[in-house]
Amino acid sequence: DTGVSQNPRHKITKRGQNVTFRCDPISEHNRLYWYRQTLGQGPEFLTYFQNEAQLEKSRLLSDRFSAERPKGSFSTLEIQRTEQGDSAMYLCASSLPDLNTEAFFGQGTRLTVV
Amino acid sequence: AQKVTQAQTEISVVEKEDVTLDCVYETRDTTYYLFWYKQPPSGELVFLIRRNSFDEQNEISGRYSWNFQKSTSSFNFTITASQVVDSAVYFCALSEAGNTPLVFGKGTRLSVIA
């Protein structure tokens with residue numbers, strides 16, 4: 001296993017379309033996190049999972065955002081009815097469940113809404 | 001509420017110079033964890049170090065060193081004899097006890113010029 005994998009790496013979509021991103025964590029990692037990063041800013045936490053359970057979703061930016069991790073392995077992040085303000089880098093990270101252990105990040109999916 | 005401040009937006013140094021990146025944090029917890037990540041142009045966040053709030057001993061790893069001072073709520077990062085490959089954006093992050101997700105600063109862009 002070479003690390004956290006995210007697909008696609010780049011996505012260009014028209015405003016109003018739905019998009020879905022996939023994240024495959026490091027295989028033995030139970031925790032999976034989604035972050036958003038805009039230009040010149042640090043990553044902003046969106047949501048996270050412990051196995052298939054979504055432990056925090058109040059930080060999702062709006063009800064257009066949703067995430068799933070149905071079998072406790074890979075996860076998807078969906079944005080419905082995209083807006084230009086959704087243009088950003090979406091980062092996935094995974095970690096072991098040990099207390100405050102470090103998270104390992106994927107290379108991200110860069111979304112451009114035109 | 002937890003917060004991380006990286007006051008230096010951009011730093012430019014000549015190769016072989018030493019450089020210190022500042023990080024100031026805010027938290028109400030007595031138990032917390034501090035991290036540094038590197039984000040090279042490829043975009044993937046690379047973990048550098050984790051330090052818990054009960055361990056104020058400074059750490060050195062090769063050309064990298066970290067100075068943790070609880071009295072000033074700072075966790076500064078020094079690169080000795082900088083190299084061009086050190087050019088990246090560096091993020092400081094905080095996680096409170098209970099395995100809360102990371103809160104990142106806005107990052108410091110370091111440019112090392114040959």
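All chains are named by letter (A, B, ...) in the order of the sequence lines, taking the proteins before the strands, and each is independently numbered beginning at 1.
Among Glu44(A), Arg59(A), Arg110(A), Glu102(A), the residue making the largest number of heavy-atom pairs under 4.5 Å with chain B is Glu102(A). Taking chain A as the reference chain and counting heavy-atom pairs below 4.5 Å, the highest number among Tyr32(B), Phe47(B), Phe35(B) is found for Phe47(B).
Heavy atoms of other residues, nucleotides or ligands lying less than 6.0 angstrom from NZ of Lys70(B) number more than 12.
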Exercise for the section: Give the intermediate values and the outcome of side chain to side chain contact (heavy atoms under 4.5 Å, CB included) for residues Thr78(B) and Val19(B). Expected result: CA-CA 6 Å; Thr78(B) 297; Val19(B) 58; over 6 Å; no
Practice task
Kindly indicate, with the supporting measurements, whether the criterion side chain to side chain contact (heavy atoms under 4.5 Å, CB included) is fulfilled by Phe77(B) and Leu48(B).
Solution key: CA-CA 10 Å; Phe77(B) 173 31; Leu48(B) 296 178; 3.8 Å; yes
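When heavy atoms are compared at a cutoff of 4.5 Å, Leu55(A) does not approach chain B at all. The parts of Leu102(B) that come within reach of chain A are both its backbone and its side chain, each placing non-hydrogen atoms under 4.5 angstrom from that chain. For Tyr37(B), the part lying near chain A is the side chain, with the backbone staying farther off; criterion is any non-hydrogen pair under 4.5 Å. For Glu56(A), no part lies near chain B; criterion is any non-hydrogen pair under 4.5 Å. When heavy atoms are compared at a cutoff of 4.5 Å, Gln39(B) approaches chain A solely by way of its side chain, counted from C-beta outward.
A salt bridge links Arg64(A) with Asp86(A): the closest approach of a Lys/Arg side-chain nitrogen to an acidic carboxylate oxygen falls below 4.0 angstrom.
Classification of the Tyr35(A)-Phe105(A) ring pair by plane angle, with boundaries at 30° and 60°, yields tilted.
Under the 6.0 Å distance and 45° angle rule, Arg51(B) does not count as a cation-pi partner of Tyr33(B).
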